[in-house]
Number of protein chains: 2
Amino acid sequence: MNSDTYQLDETDRRILLALDADPRVPIMMLAQQLGLARGTVQSRLERLANSGALRPNTARILPAAMGRGVSAFVSAELDQARLNEAIAGLRQIPEVLECVAPAGDTDLLIRVAATDPDDLYRVSEEIRLCPGITRTSTSMILRDVIPFRTTELLRKLSGEKH
Amino acid sequence: MNSDTYQLDETDRRILLALDADPRVPIMMLAQQLGLARGTVQSRLERLANSGALRPNTARILPAAMGRGVSAFVSAELDQARLNEAIAGLRQIPEVLECVAPAGDTDLLIRVAATDPDDLYRVSEEIRLCPGITRTSTSMILRDVIPFRTTELLRKLSGEKH
DNA sequence: TAGATTTTAGTCAAAATGACCAGTATCTCC
DNA sequence: GGAGATACTGGTCATTTTGACTAAAATCTA
């Protein structure tokens, strides 16, 4: 969201895309595969790691692999004045995977993961009890149609002007 | 979603958590840091990579780092009979980062990324034009309150019974 | 064009890798 | 309760990779 975010360039993108196959390939392989000098790839990787352009590695874990096969969106309305309290509360709930503030009537849209519908109910209950949250509405995710990806976008960028 | 998903065990979780600090630490460091034999960590990592429990590495990239600072949810209603066509269409749009089917009146909830509001309009237009999609409604994300994470959940699992 | 930044290609000693192994521990299911 | 399967340990080996460092070439940019 911040416009001062580190911007990936073509080389970064190529490295990242190549890393998709195996995030732990030796730098040397990467380098020769991409036709770059080893030092270049090495410093790029270091820069990338500190750039803030990447989510933590654990963000790759699919909730289902943690026995959380049931996902849902919980939309919450809240007492605007207590926004920060609410956020702090949400942050404490492990089942809250993500939370965004969309334009429109829902103040917060919260992504949660649960073991089963029962557990989902428990989690939404917990959300409802966060300070400042006045109303919630839960909608279960029936199917993960397209799992989160950036590959297509990355490739598009690389195709634009080489 | 699938219950036949590979289930992480305590060791997997510890490895993944440790990998958060630096996804490319040498296996030896990991091993001694976790008090495991090198071979164990080595085979675990290999298994994890093939388990299907992880998203591709590029899923870590923040859209903002690709110049896509504007995100939104597009909810779409559709001609149910043409669901698969619609999905195929969506898959072709690079700006479509994710798509889920929630219970309720919206048939598909689509996460998109754009360079600016104008671009967002273009993308939502493109979605509207997918075969089978009858109506869409776009809601811009004003703030990324809690970026996607699984850390808390992972830690909770590790705390439950050691 | 001059100055700054990146990239290249090369060096080095130290460390990590993958592929083994046999021995032990742990699980699992009858 | 025990047999067999599976996973973990701690060890070896030759080969490769790493990080840290050069100096020179290439590229960007003001």
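Everything numeric here is computed off the predicted structure, so don't read it as measured data. Throughout, a chain's letter reflects where its sequence line sits, starting with A, and its residues are numbered from 1.
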Hey, is the main chain of A:Val100 close enough, under 3.5 Å, to the side chain of B:Asp144 for a donor-acceptor pair? no

Hey, does the side chain of A:Ser158 reach the backbone of A:Leu154 with a donor-acceptor pair shorter than 3.5 angstrom? yes

Side chain to side chain donor-acceptor pair (under 3.5 Å) with A:Arg47: which residues, sequence neighbours excluded?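 Checked A:Arg47 against side chain to side chain donor-acceptor pair (under 3.5 Å); matches are A:Tyr6.
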
Provide, to the nearest angstrom, the distance between the [atom1] atom belonging to [X] and the [atom2] atom belonging to [N].
{"X": "B:Gln32", "N": "C:dA15", "atom1": "CD", "atom2": "P", "answer": "11 Å"}
{"X": "A:Gln33", "N": "D:dT17", "atom1": "CD", "atom2": "P", "answer": "13 Å"}
{"X": "B:Arg14", "N": "D:dA7", "atom1": "CZ", "atom2": "C1'", "answer": "15 Å"}
{"X": "A:Glu10", "N": "C:dT6", "atom1": "CD", "atom2": "C1'", "answer": "16 Å"}
{"X": "A:Leu30", "N": "D:dT16", "atom1": "CG", "atom2": "P", "answer": "18 Å"}

Name all residues meeting the salt bridge (charged side-chain N to carboxylate O under 4.0 Å, His left out) criterion together with A:Glu46; count only those two or more places apart in sequence or in a different chain, and write none if there are none.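 For A:Glu46 there are no salt bridge (charged side-chain N to carboxylate O under 4.0 Å, His left out) partners, ignoring immediate neighbours.
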
Got a sec, which residues hit salt bridge (charged side-chain N to carboxylate O under 4.0 Å, His left out) with A:Asp107, two or more places apart in sequence or on another chain? none

Answer yes or no: does a side-chain N or O of B:Thr40 lie under 4.0 Å from OP1 or OP2 of D:dT9?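 B:Thr40 to D:dT9 OP1/OP2: side-chain N or O found under 4.0 Å.
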
Phosphate OP1/OP2 of C:dT7: any A:Arg44 side-chain N/O under 4.0 Å: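 For A:Arg44, the contact criterion (side-chain N or O under 4.0 Å from OP1 or OP2 of C:dT7) is met.
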
Any cation-pi pair here, A:Arg60 with A:Phe148, using under 6.0 Å and within 45°?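 The answer is no; the distance or angle limit is not met.
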
Would you write out the dot-bracket form of DNA chain C, 5' to 3', with Watson-Crick and G-U pairs under 3.5 Å, [ ] for crossing pairs, | for pairs to other strands and . for unpaired bases? ||||||||||||||||||||||||||||||

In the 5'-to-3' direction, what one-character label does each nucleotide of nucleotides 18-30 of chain D receive under the scheme B = base within less than 4.0 Å of a protein heavy atom, S = sugar-phosphate only, - = no such atom? BBB----------

Any pair with a residue in residues 69-79 of chain B that passes salt bridge (Lys or Arg N to Asp or Glu O under 4.0 Å), sequence neighbours left out, goes on the list, sorted by first then second residue, please. B:Glu77-B:Arg135, B:Asp79-B:Arg82

Within this structure, what is the CG-CE distance for the pair A:Leu153 and B:Met66, rounded to the nearest 0.5 Å?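 With rounding to 0.5 Å, CG (A:Leu153) is 4.0 Å from CE (B:Met66).
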
